[in-house]
Peer 1: 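Sharing a structure with you now.
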There are 2 protein chains.
Amino acid sequence: MADTLFYCPDIRQNQILPEQESLHCIKVLRLREGDLLTITDGKGFFYDCRLLDPHPKRSTFTILRQWKKLGKRGFGVHIAFGPTKQMDRNEWFVEKATEIGADRLTPITANFSERREIKRERLEKIAVAAMKQSQQAHLPDIEEMVRLKDFITRPFTGRKFIAHCHDLPKSALAETYRKGEDALVLIGPEGDFSEEEVVYALRNGYEPISLGETRLRTETACLVALHTLHLINAITTK
Amino acid sequence: MADTLFYCPDIRQNQILPEQESLHCIKVLRLREGDLLTITDGKGFFYDCRLLDPHPKRSTFTILRQWKKLGKRGFGVHIAFGPTKQMDRNEWFVEKATEIGADRLTPITANFSERREIKRERLEKIAVAAMKQSQQAHLPDIEEMVRLKDFITRPFTGRKFIAHCHDLPKSALAETYRKGEDALVLIGPEGDFSEEEVVYALRNGYEPISLGETRLRTETACLVALHTLHLINAITTK
């Protein structure tokens, strides 16, 4: 694989690099007609390609070979979270989640949310950069913001967990989660979920969890939950 | 415990709040003579105290009670890392490491390091803020920058691991590490360690490890290593 990975979500329809990618390819890396490049569709595939017409806005190329990395993750991960007020903390989480691996990220608004809107396009851009940087072919699906109450009743085939700080019975995620299970983890905003919201989630099939002994910031909790799922899957003895 | 946690490293010697803490206590929270406050020494202890003389620069107090949280971590964690060029990524790691829990953090310089100096005081400030925010009493010991070659030959009682990207045999950290062991993990700079540096570490008792299937940024690798150790210790079945 070449050092630079390009992103072209519609590669199967059109063999044209998007504007930003063309610019980088032609003006920064100065690739020329006939040069080889590796492109991903963000859906799990890599493509070895040959540059046909170098153009700073719409370079065309031809696909030589389509391939996948071996050892694809055997479990699905969906993290839904109350975004923090400071936007860089959300961006940071999206970057790390893309590096480590996640299928879907959903920003939600709850009673105590301090942030009630989010620029999805900005988060997507960060995810694309992180995917390219870590040489992966999987882009997490970043959803539009959803109200918690609407989100909770959505169907999900797999185990649904809710992390919260209320003094109610809960299990450690690392103990209750089992290898290979698809999981959805719901993490509250900085002010946590209200007790009413937690109860509503429990009534809708969510299992209450804790993520360790220390009090974590929202974005740290998101990352710890995500990495816990990965690690349980990586440990062969469990 | 009160909502705000204050930090006073020399509390056993002098019952005087440091300047920044006094300012916050008196000017922001407007505490008065006789009010209760919780203070930590960053060495594992909390202190319930009563404010004697409110002063914006040097408030005095009296200690009512000294206490510890139950369930102290049964393993030691030391992360040594090549700091990234972008300073906010290093700061971010120090914040997260403090939240999750680490005993010692050592910035190192290696052959391919892009950053060869670091403001220790700035990192310490971030660690103090993170400790207070997560209501913990443990401040990681942040060391001055050390040259890799000098660091590698230092004695350490516990297992020493080196994470690198070279094509040499290695084990997954999650598989080889065992609950309760003290661990030191060495993570390279953005340009990784040179092969010569890796070999030198292996000759000095370091075990080569990988942290998963995806290519991680330096600061993500640091966090993933730290959380892996915590999680293996949290899983009772292992």
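Please read all numbers here as calculations on a predicted model, not as lab measurements. Below, chain A is the first sequence line, B the second, and so on; all start at residue 1.
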Peer 1: Can you give me the closest heavy-atom contact between B/Arg215 and A/Ser134, atom names plus distance?
Peer 2: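 Closest pair (atom of B/Arg215, atom of A/Ser134, distance): O-CB, 3.1 Å.
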Peer 1: Do A/His227 and B/Thr228 come close enough that some side-chain heavy atom pair is under 4.5 Å?
Peer 2: yes
Peer 1: Salt bridge between B/Glu219 and A/Lys96, side-chain N to carboxylate O under 4.0 Å?
Peer 2: yes
Peer 1: Could you name the residues of residues 84-93 of chain A that have a heavy atom within less than 4.5 Å of a heavy atom in chain B?
Peer 2: A/Arg89, A/Trp92
Peer 1: With a 4.5 angstrom heavy-atom cut-off, could you sort out which part of A/Leu223 is near chain B: side chain, backbone, both or neither?
Peer 2: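 Only the side chain of A/Leu223 comes within 4.5 Å of chain B.
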Peer 1: Count the heavy atoms of every other residue, nucleotide or ligand shown that sit under 6.0 Å from CD of A/Gln20, and state whether that count exceeds 12.
Peer 2: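 Open: at most 12 neighbouring heavy atoms sit under 6.0 Å from CD of A/Gln20.
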Peer 1: Test salt bridge (charged side-chain N to carboxylate O under 4.0 Å, His left out) on A/Glu95 and B/Arg217; report intermediate values, then the result.
Peer 2: CA-CA 10 Å; A/Glu95 179 183 291; B/Arg217 279 181 176 276; 3.4 Å; yes
Peer 1: Does atom CZ of B/Arg30 have more than 12 heavy-atom neighbours, drawn from other residues, nucleotides or ligands, at distances under 6.0 Å?
Peer 2: no
Peer 1: Specify the closest pair of heavy atoms between A/Gln136 and B/Thr214, including all atoms of both residues, with the distance to one decimal.
Peer 2: OE1-CG2, 3.2 Å
Peer 1: Quick check: are there more than 12 heavy atoms from other residues, nucleotides or ligands sitting under 6.0 Å from CD of B/Glu196?
Peer 2: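 At most 12 heavy atoms, drawn from other residues, nucleotides or ligands, come within 6.0 Å of this atom.
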Peer 1: Please say whether more than 12 non-hydrogen atoms of neighbouring residues, nucleotides or ligands are located less than 6.0 Å from CZ in A/Arg122.
Peer 2: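 Not buried by this count: 12 neighbours or fewer within 6.0 Å.
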Peer 1: Do the side-chain N and O atoms of B/Thr220 and A/Glu99 include a donor-acceptor pair separated by under 3.5 angstrom?
Peer 2: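 Checked: B/Thr220/A/Glu99 side chains pair up, N/O donor to acceptor below 3.5 Å.
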Peer 1: Is it true that, when you exclude B/Lys43 itself, more than 12 heavy atoms of the residues, nucleotides or ligands shown sit nearer than 6.0 Å to its NZ?
Peer 2: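 For B/Lys43, atom NZ is crowded (more than 12 foreign heavy atoms under 6.0 Å).
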Peer 1: Look at atom CD of A/Glu121 and say whether more than 12 heavy atoms of other residues, nucleotides or ligands are closer to it than 6.0 Å.
Peer 2: yes
Peer 1: Side chains of B/Val224 and A/Leu231, heavy atoms from C-beta outward: is any pair under 4.5 Å?
Peer 2: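 Sidechains of A/Leu231 and B/Val224: no contact.
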